[in-house]
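Numbers here are sequence positions counted from 1.
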Amino acid sequence: VPLLELVHLFGSVVNEGKLSSEILEGFTTRGVPMVEELGKNLGKTENSILSLTQKGGVGLQEVINAISGMTSQSGMFYNAMAKQSAELIR
């Protein structure tokens, strides 16, 4: 997934101040497990996260926390850019 697409999605969350269902779908279709990470962080089921999102109940800080979790040392995207760069060099 081009990084620019993810930056655009995050920028949309920043502009709106919350995560909309449309933006959430954008993350999901690009392979970012935002629903799962939000559920883990907030102690909610995936259905609850989807419902919260539809009601505008997932704010910017929750999205930042989810992205931080996915990119932290134990997260699935930790060091992803370095790994991708190493693959391109081979």
Side-chain angles (χ1 to χ4, degrees):
V1 174
L3 184 59
L4 188 57
E5 290 181 23
L6 298 175
V7 170
H8 175 74
L9 289 168
F10 181 71
S12 296
V13 176
V14 171
N15 286 335
E16 293 183 24
K18 63 183 180 189
L19 180 64
S20 69
S21 296
E22 184 177 290
I23 297 168
L24 178 60
E25 183 178 337
F27 279 116
T28 302
T29 59
R30 286 164 180 85
V32 178
M34 188 65 72
V35 175
E36 293 87 350
E37 191 69 20
L38 287 167
K40 183 176 79 174
N41 291 352
L42 299 174
K44 304 217 178 268
T45 65
E46 289 184 22
N47 285 337
S48 295
I49 295 298
L50 295 173
S51 179
L52 270 174
T53 302
Q54 289 173 346
K55 297 173 185 173
V58 178
L60 174 60
Q61 190 58 54
E62 286 83 15
V63 173
I64 290 171
N65 293 345
I67 292 171
S68 292
M70 289 184 279
T71 57
S72 70
Q73 192 166 7
S74 62
M76 70 181 297
F77 296 120
Y78 176 69
N79 244 355
M81 291 300 291
K83 291 174 187 172
Q84 187 175 26
S85 296
E87 288 297 317
L88 290 174
I89 293 171
R90 291 182 185 173

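- The shortest side-chain heavy-atom distance between L19 and E62 does not fall under the 4.5 Å cut-off.
- For the atom pair CZ of F27 and CE of M70, the computed distance is 7.5 Å after rounding to the nearest 0.5 Å.
- Environment of CD in E25: sparse, with no more than 12 heavy atoms of neighbouring residues, nucleotides or ligands closer than 6.0 Å.
- Looking at heavy atoms from C-beta onward, F10 lies out of side-chain contact with V32 at the 4.5 angstrom threshold.
- To the nearest 0.5 Å, atom NZ of residue K18 and atom CG of residue L24 are 13.5 Å apart.
- Heavy atoms only, all atoms of each residue included: A66 and M34 are closest at CB-SD, 3.6 Å.
- Not a single donor-acceptor pair under 3.5 Å links the side chain of S48 to the backbone N or O of K44.
- In this structure the side chain of I23 reaches within 4.5 angstrom of the side chain of S20, judged on heavy atoms.
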Side-chain donor-acceptor pairs under 3.5 Å in residues 50-61, sequence neighbours left out?
unit_1 : atom_1 : unit_2 : atom_2 : d
T53    : OG1    : I49    : O      : 2.8
Q61    : NE2    : N65    : OD1    : 2.9

